[in-house]
Trainee: 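Dropping a structure here in structure tokens format, bear with me for questions.
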Amino acid sequence: MAIKVFSFFFFVYLLVEMHEISAMVPAVIVFGDSTVDPGNNNQISTVLKSNFAPYGRDYFGGQPTGRFSNGRIATDFISEAYGIKPAIPAYLDPKFDIRDFATGVSFASAGTGYDNATSDVLSVIPFWKEMVYYKEFQDKLRGYLGNDIANHHLSESLHLISIGTNDFLENYYPFPTRSSEYPVDKYEIFLIGIASNFIRELYNLGARKIAISGLPPMGCLPLERTTNIMHGSACIEEYNDVAKDFNQKLQDSVTELNRELGGIQLVMSNPYYKLLEMIQNPILFGFENVATACCGTGYFEMSYMCDRMNPFTCSDANKYIFWDSFHPTEKTNFILADHAFKTTLTVFR
């Protein structure tokens, strides 16, 4: 009897503790690519890394963590906005364990995509493997909290997915395999099928609060503009049109899944128009440079080409929308996260 009483009060204590962590969601659980990878690629054999200066120069303590930015990424700011913690750790980082992961963890891998062929390009973690890590995390969480509390915790946690740009810019357009197999609109459908099945699997594993991000105006990334030099380094509108079309298809899928999966709260966060607004009206946001990035010349550098030896790196990243030729600065990440938190993610507040 005494054991049962103790177990009951321990259960109540943990519930109260979880409630005190955040009145909104107890954890932010992240899947995706470099937009939300806080350092998982540090632990794998790939050339796509950013755990060296000047990456992270504006992060806490000025330390590079593997985030593809000068500081924090969007999911860090979302976690902070929910009152949880200011940074989400990488699942593969040996410095952290289930005590840290219980309130937020990222399984994301820079360079990956929905399509397995995308992750093969730079030998990064495929999207399906992120689900394997999530299941492993669930087992650890149940060992840490107990089955009932862990299941409740997972159902209340916000699951965020940010992925897809690499499927087009790293896979479909540079290489002939997928583009010869699919017209671009059919490739979009192929990817959204993968996304939908991933969400179904999350749902079957107990997730009920899920946000999936659409694509940005990917034709305006500095690297893509550099390749468009014959047209004045303008945004590549073909790529932007694909992003808009993909986003509409993704929104339609989200609507269908909300009807299909009882009790789910599934939303799509669309970064396209907010980022485009920054690009088209930079002065309104305090930016001075939109076409090139802060790191290096700003035209093509990323990962190891963006290192501390590059003499061209800017002194103030806050004047730039992009940190390297493919990724936003910390300031841009904050603006996008703040916008998402105050719009799409309000349903979880």
Side-chain angles (χ1 to χ4, degrees), residues 32-77 86-96 106 108-112 121-125 162 165-166 169-170 216 220-227 229 233 275 278 282 285-337:
D33 56 22
S34 57
T35 56
V36 291
D37 178 3
N40 283 308
N41 275 21
N42 299 352
Q43 310 303 322
I44 64 173
S45 180
T46 177
V47 297
L48 193 57
K49 297 178 187 284
S50 60
N51 55 340
F52 46 83
Y55 285 98
R57 72 181 192 187
D58 298 310
Y59 191 76
F60 303 116
Q63 294 299 310
T65 61
R67 288 167 171 81
F68 277 80
S69 186
N70 58 304
R72 286 189 283 173
I73 52 181
T75 40
D76 294 325
F77 290 114
I88 296 178
Y91 182 67
L92 298 183
D93 191 329
K95 297 193 299 293
F96 302 100
S106 176
S109 176
T112 201
V121 174
L122 292 169
S123 300
V124 297
I125 301 166
S162 177
T165 301
N166 296 322
L169 301 186
E170 182 186 308
C220 293
L221 300 179
L223 183 61
E224 306 313 317
R225 296 175 77 137
T226 297
T227 66
I229 192 169
S233 297
L275 185 54
M278 285 186 260
F285 300 89
F287 293 116
E288 296 180 7
N289 197 308
V290 303
T292 58
C294 170
C295 197
T297 62
Y299 292 110
F300 61 88
E301 291 93 342
M302 179 177 61
S303 190
Y304 286 110
M305 289 188 289
C306 171
D307 62 21
R308 72 169 74 223
M309 303 303 293
N310 197 311
F312 300 106
T313 298
C314 77
S315 59
D316 185 1
N318 287 332
K319 295 178 181 178
Y320 288 73
I321 290 179
F322 296 99
W323 164 248
D324 64 20
S325 65
F326 213 79
H327 302 99
T329 58
E330 179 181 64
K331 179 178 175 180
T332 303
N333 283 326
F334 171 77
I335 294 170
L336 293 174

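Position 1 is the first residue of the sequence, and the numbers go up from there.
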Trainee: Not counting sequence neighbours, which residues clear ring-ring contact (aromatic ring centres under 6.0 Å, His included) with Tyr59? List them please.
Mentor: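 Tyr59 satisfies ring-ring contact (aromatic ring centres under 6.0 Å, His included) with no residue once adjacent residues are dropped.
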Trainee: What are the two closest heavy atoms between Thr75 and Ile88, and how far apart are they?
Mentor: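 Distance-wise, the nearest heavy atoms are O-CD1, 3.4 Å.
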Trainee: Residues in side-chain hydrogen bond (donor to acceptor under 3.5 Å, both in side chains) with Ser233, at least two apart?
Mentor: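 By the side-chain hydrogen bond (donor to acceptor under 3.5 Å, both in side chains) rule, Ser233 matches no residue at all.
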Trainee: Which residues pass the side-chain hydrogen bond (donor to acceptor under 3.5 Å, both in side chains) test with Thr292, not counting sequence neighbours?
Mentor: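 Per chain and number, Thr292 pairs via side-chain hydrogen bond (donor to acceptor under 3.5 Å, both in side chains) with Asn289.
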Trainee: On a heavy-atom basis, which atom in Ala74 and which in Ala337 lie closest, and how many Å separate them?
Mentor: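 Closest heavy-atom pair between Ala74 and Ala337: O-CB, 3.5 Å.
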Trainee: Shortest non-hydrogen contact from Pro54 to Cys295?
Mentor: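 That would be CG-SG, 3.9 Å.
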Trainee: Whether the side chain of Ser106 engages the backbone of Pro89 through a donor-acceptor N/O pair (distance < 3.5 Å, no angle test) should be reported.
Mentor: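 No; judged by distance alone, with no hydrogens or angles, the pair does not exist.
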Trainee: Could you tell me whether the side chain of Asp76 and the main chain of Ile73 form a donor-acceptor pair under 3.5 Å?
Mentor: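 Yes; judged by distance alone, with no hydrogens or angles, the pair exists.
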Trainee: Using the test ring-ring contact (aromatic ring centres under 6.0 Å, His included), find all partners of Tyr320 that sit at least two apart in sequence or belong to another chain.
Mentor: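 So Tyr320 forms no ring-ring contact (aromatic ring centres under 6.0 Å, His included) with any residue.
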Trainee: Taking Gly56's backbone N and O only, do any of them form a donor-acceptor pair with Asn70's side chain (distance below 3.5 Å, no angle check)?
Mentor: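 Pair absent, no side-chain N/O of Asn70 close to backbone of Gly56.
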Trainee: Quick one: list whatever passes salt bridge (Lys or Arg N to Asp or Glu O under 4.0 Å) with Asp58, sequence neighbours left out.
Mentor: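 Asp58 satisfies salt bridge (Lys or Arg N to Asp or Glu O under 4.0 Å) with no residue once adjacent residues are dropped.
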Trainee: Starting at CE of Met278, measure out to NZ of Lys331 and round the result to the nearest 0.5 Å.
Mentor: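 It is 10.0 Å, given to the nearest 0.5 Å.
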Trainee: Please enumerate all residues that pass ring-ring contact (aromatic ring centres under 6.0 Å, His included) together with Phe96, with sequence neighbours excluded.
Mentor: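 Expected list: none.
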Trainee: Just to verify, what does Arg225 make a side-chain hydrogen bond (donor to acceptor under 3.5 Å, both in side chains) with, not counting sequence neighbours?
Mentor: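 In terms of side-chain hydrogen bond (donor to acceptor under 3.5 Å, both in side chains), with neighbours along the sequence ignored, Arg225 is linked to no residue.
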Trainee: Walk me through whether Asn333 and Arg67 qualify under side-chain contact (heavy atoms from CB on, under 4.5 Å).
Mentor: CA-CA 12 Å; Asn333 283 326; Arg67 288 167 171 81; over 6 Å; no
Trainee: Rounded at 0.5 Å granularity, tell me how far CD in Glu170 sits from CG in Leu48.
Mentor: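 That separation rounds to 7.0 Å.
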Trainee: Does Ser303 reach the main-chain N or O of Val47 with its side chain, forming a donor-acceptor pair under 3.5 Å?
Mentor: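 Flag set: sc Ser303 to bb Val47 pair under 3.5 Å.
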Trainee: Using only atom types and a distance under 3.5 Å, with no angle test, would you say the side chain of Ser325 pairs donor to acceptor with the backbone of Phe300?
Mentor: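 Answer holds: yes.
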Trainee: List the atom of Pro328, the atom of Ser69, and the distance in Å for their closest heavy-atom pair.
Mentor: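 For Pro328 versus Ser69, the nearest heavy atoms are O-OG, 3.2 Å.
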Trainee: Report yes or no: is the SG-SG distance between Cys314 and Cys294 under 2.5 Å?
Mentor: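 Yes.
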Trainee: Return the CH2 to CZ distance between Trp323 and Arg57, rounded to the nearest 0.5 Å.
Mentor: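 Between Trp323 CH2 and Arg57 CZ, I get 4.0 Å after rounding to 0.5 Å.
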Trainee: Which heavy atom in Cys306 sits nearest to a heavy atom in Tyr55, and how many Å separate them?
Mentor: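 Nearest pair, atom of Cys306 first, then Tyr55: O-CE1, 3.5 Å.
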Trainee: Could you tell me which non-hydrogen atom of Ala53 sits nearest to which non-hydrogen atom of Pro64, and how far apart they are?
Mentor: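 Closest heavy-atom pair between Ala53 and Pro64: N-CG, 3.9 Å.
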Trainee: Would you say Ile321 and Phe285 make side-chain contact, with heavy atoms under 4.5 Å?
Mentor: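 Result no, sub-4.5 Å side-chain heavy-atom pair not found.
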Trainee: Could you grab the distance from atom CG of Leu169 to atom CD of Glu224, nearest 0.5 Å is fine?
Mentor: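 CD of Glu224 is found 4.5 Å from CG of Leu169.
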Trainee: ring-ring contact (aromatic ring centres under 6.0 Å, His included) with Phe326: which residues, sequence neighbours excluded?
Mentor: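 None.
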Trainee: In Å and rounded to the nearest 0.5 Å, what is the CZ to OG1 distance from Arg308 to Thr313?
Mentor: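 Here the interatomic distance stands at 11.5 Å.
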Trainee: Rounded to the nearest 0.5 Å, how far does CZ of Phe312 lie from OH of Tyr299?
Mentor: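 The CZ atom of Phe312 is 10.5 Å from OH of Tyr299, to the nearest 0.5 Å.
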Trainee: Could you tell me if the side chain of Arg72 sits less than 4.5 Å from the side chain of Phe334, heavy atoms only?
Mentor: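 Counting from C-beta outward, Phe334 and Arg72 never come under 4.5 Å.
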Trainee: What residues, two or more places apart in sequence or in another chain, satisfy side-chain hydrogen bond (donor to acceptor under 3.5 Å, both in side chains) together with Thr332?
Mentor: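 For Thr332 the side-chain hydrogen bond (donor to acceptor under 3.5 Å, both in side chains) partners, ignoring immediate neighbours, are Thr329.
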Trainee: Give every residue pair that meets the side-chain hydrogen bond (donor to acceptor under 3.5 Å, both in side chains) criterion with at least one member in residues 32-45, sequence neighbours excluded.
Mentor: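 Checked against side-chain hydrogen bond (donor to acceptor under 3.5 Å, both in side chains) - neighbours excluded - the pairs reaching residues 32-45 are Asp33-Thr35, Ser34-His327, Thr35-Ser162, Asn41-Ser109.
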Trainee: Okay, side chain of Thr112, backbone of Ile125: is any donor-acceptor separation there less than 3.5 Å?
Mentor: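 Checking the backbone N and O of Ile125 against the side chain of Thr112, a donor-acceptor pair under 3.5 Å is found.
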Trainee: Which pairs count as salt bridge (Lys or Arg N to Asp or Glu O under 4.0 Å) when at least one residue sits in residues 316-326, sequence neighbours excluded?
Mentor: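 Of all non-adjacent pairs touching residues 316-326, none passes salt bridge (Lys or Arg N to Asp or Glu O under 4.0 Å).
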Trainee: For Tyr304, check side chain to side chain contact (heavy atoms under 4.5 Å, CB included) against everything at least two apart and list the hits.
Mentor: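 Counting only residues at least two positions away or on another chain, Tyr304 forms a side chain to side chain contact (heavy atoms under 4.5 Å, CB included) with Lys49, Phe52.
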